[in-house]
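Remarks on the structure that follows.
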Amino acid sequence: MPELPEVEITRRSFADQIMGAQVGALRLGLPLRWPLGCAAADLVGRRVLGLTRRGKYLLLQLDRGCLLLHLGMSGSLRFGSELAPPGRHDHFDLQTDRGCLRLHDPRRFGAVVYVPSLDDARAQRLLAGLGVEPLDAGFEPERFYQALRGRRAAIKQVLLAGDVVVGVGNIYACEALFLAGIRPTLRAQRLSRARVARLHAAVVAVLQRALSLGGSTLRDFASAQGEPGYFQLEAMVYGRTGLPCRTCTRTIKSIRQGQRSSFFCPQCQTF
DNA sequence: AGATGTCCCTGGAAGC
DNA sequence: TGCTTCCAGGGACATC
């Protein structure tokens with residue numbers, strides 16, 4: 001499932017190639033999470049000015065307006081000039097003079113939304129509530145501590161909510177909490193400054209490690225050039241229920257938190 | 001304002 | 001073999 005590393009790997013894998021491309025045509029498959037928000041013809045002739053990322057959203061900036069792309073749970077992008085004919089799960093093809101940008105998304109939790117500008121109400125509704133970027137300088141331990149102080153919910157759920165820090169999904173939340181030695185069920189506000197500092201470092205370390213390995217490929221994630229990721233091979237807890245902890249050999253446990261699985265080591269991760 | 005539950009969707013695995 | 005059921009989960013939204 002695409003989290004920040006996968007989205008960033010995707011961005012880097014075709015940002016340079018699509019820069020300056022001119023849109024020739026648009027093909028839509030089955031409906032995605034939200035309607036596109038403009039007519040296909042409105043995009044024809046637009047030029048791509050850049051590709052940036054905010055949280056798990058990719059922002060394809062055009063000379064007029066912007067396409068917000070989200071990969072949801074099962075989405076992946078491809079960019080190339082020799083793509084195969086669209087299959088049943090290819091729901092968005094943006095043809096340009098530099099190649100075709102294709103969104104493949106079997107579960108269709110993903111989205112492509114056109115907004116005339118980032119100040120647009122629709123863009124703001126999606127982006128305004130997002131927390132700090134974990135790999136930017138603005139993510140620093142004291143601010144993180146202050147943000148967590150006001151939260152009574154479990155730390156795992158606060159991480160996933162994305163309003164404190166963005167981009168940390170289920171895999172990396174579980175892994176960062178393991179690295180920091182913190183139980184996922186611990187209330188956020190009960191974390192000491194020292195433990196928040198450890199968690200801060202763990203979030204950064206896990207995301208950077210995942211980035212360096214090309215992300216996690218659980219089922220079929222790949223970059224826009226088709227390269228899989230390898231972080232899943234290093235997971236300490238995610239998906240390892242019943243297996244021995246790689247650190248202490250205690251059995252990894254899994255629980256449900258807010259309809260989502262959490263994995264942890266009962267020995268290494270304390271209250 | 002924060003916390004919680006619901007919903008969207010399909011492929012794969014497990015159970016019968 | 002072929003059915004049914006369950007599970008995976010990002011995140012907007014409604015509700016308390």
Side-chain angles (χ1 to χ4, degrees), chain A residues 1-8 10 28-37 53-59 68-77 86-92 103-113 115 120-131 133-134 146-177 184-191 207 210 215-222 229 231-232 235 237-242 252 254-263:
Chain A
M1 333 68 255
E3 304 180 28
L4 184 148
E6 291 75 28
V7 177
E8 179 62 17
T10 298
L28 298 174
L30 292 174
L32 292 164
R33 180 161 188 178
W34 301 300
L36 178 62
R53 181 186 57 75
R54 178 73 178 100
K56 295 173 188 167
Y57 286 93
L58 286 174
L59 284 63
L68 305 179
L69 297 100
H70 199 292
L71 302 181
M73 277 216 25
S74 58
S76 59
L77 291 173
R88 58 182 296 223
H89 298 307
D90 297 326
H91 302 301
F92 176 89
L103 174 64
H104 175 86
D105 188 359
R107 293 182 206 171
R108 292 193 280 129
F109 276 29
V112 183
V113 173
V115 292
D120 181 85
R122 195 144 177 240
Q124 285 297 306
R125 190 153 41 86
L126 297 176
L127 303 176
L130 298 181
E133 286 287 334
Q146 293 301 335
L148 295 182
R149 275 185 66 188
R151 305 293 288 262
R152 301 179 70 241
I155 181 60
K156 163 86 183 316
Q157 295 185 256
V158 175
L159 287 176
L160 285 187
D163 53 347
V164 172
V165 57
V166 292
V168 184
N170 207 30
I171 299 172
Y172 300 117
C174 289
E175 294 298 312
L177 287 166
T185 46
L186 188 58
R187 289 177 189 268
Q189 62 184 5
R190 297 196 53 191
L191 285 165
L207 294 178
S216 296
T217 297
L218 291 188
R219 185 161 297 141
D220 57 6
F221 169 77
F231 181 88
Q232 72 284 356
V237 288
Y238 185 84
R240 302 194 69 245
T241 312
I252 301 298
S254 64
I255 55 172
R256 298 290 289 179
Q257 286 183 284
Q259 337 287 20
R260 232 132 276 186
S261 296
S262 294
F263 304 87

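Chain naming here is simple, since letters A, B, ... match the order of the sequence lines and numbering starts at 1 in each.
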Considering every strand and a 4.0 Å limit on heavy-atom distances, what is the contact class for A/Arg256: base, sugar-phosphate, or nothing?
sugar-phosphate
Can you tell whether the side chains of A/Arg53 and A/Glu133 come within less than 4.0 Å, N to carboxylate O?
yes
Please pick, from C/dG9, B/dG11, B/dT6, the nucleotide with the shortest atom-to-atom distance to any side-chain atom of A/His89.
B/dG11
Distance (rounded to the nearest 0.5 Å) between A/Ser261 OG and A/Ile171 CD1:
11.5 Å
As a quick check of understanding, evaluate side-chain contact (heavy atoms from CB on, under 4.5 Å) for A/Arg151 and A/Gln157, giving each step before the final call.
CA-CA 10 Å; A/Arg151 305 293 288 262; A/Gln157 295 185 256; over 6 Å; no
Would you say A/Tyr238 reaches C/dG9's phosphate, i.e. side-chain N/O to OP1/OP2 under 4.0 Å?
yes
Decide, yes or no, whether a salt bridge links A/Arg33 with A/Asp105 under the criterion of side-chain N to carboxylate O below 4.0 Å.
no
Is there a side-chain contact (heavy atoms from CB on, under 4.5 Å) between A/Tyr238 and A/Tyr172 once you walk through the steps?
CA-CA 8 Å; A/Tyr238 185 84; A/Tyr172 300 117; over 6 Å; no
May I have the distance from A/Phe109 (atom CZ) to B/dT6 (atom P), rounded to whole angstrom?
15 Å
Does any donor atom in the side chain of A/Arg149 or A/Gln146 lie under 3.5 Å from an acceptor atom in the other side chain?
yes
For every nucleotide of nucleotides 11-16 of chain C, 5' to 3': is a protein heavy atom under 4.0 Å from its base (B), only from its sugar-phosphate (S), or from neither (-)?
BSS---
Considering just the side-chain nitrogens and oxygens of A/Arg88, establish if one lies under 4.0 Å of OP1 or OP2 belonging to B/dG11.
yes
Could you tell me whether A/Ser261 contacts a base, only the sugar-phosphate backbone, or nothing, with contacts defined as non-hydrogen atoms closer than 4.0 Å?
sugar-phosphate
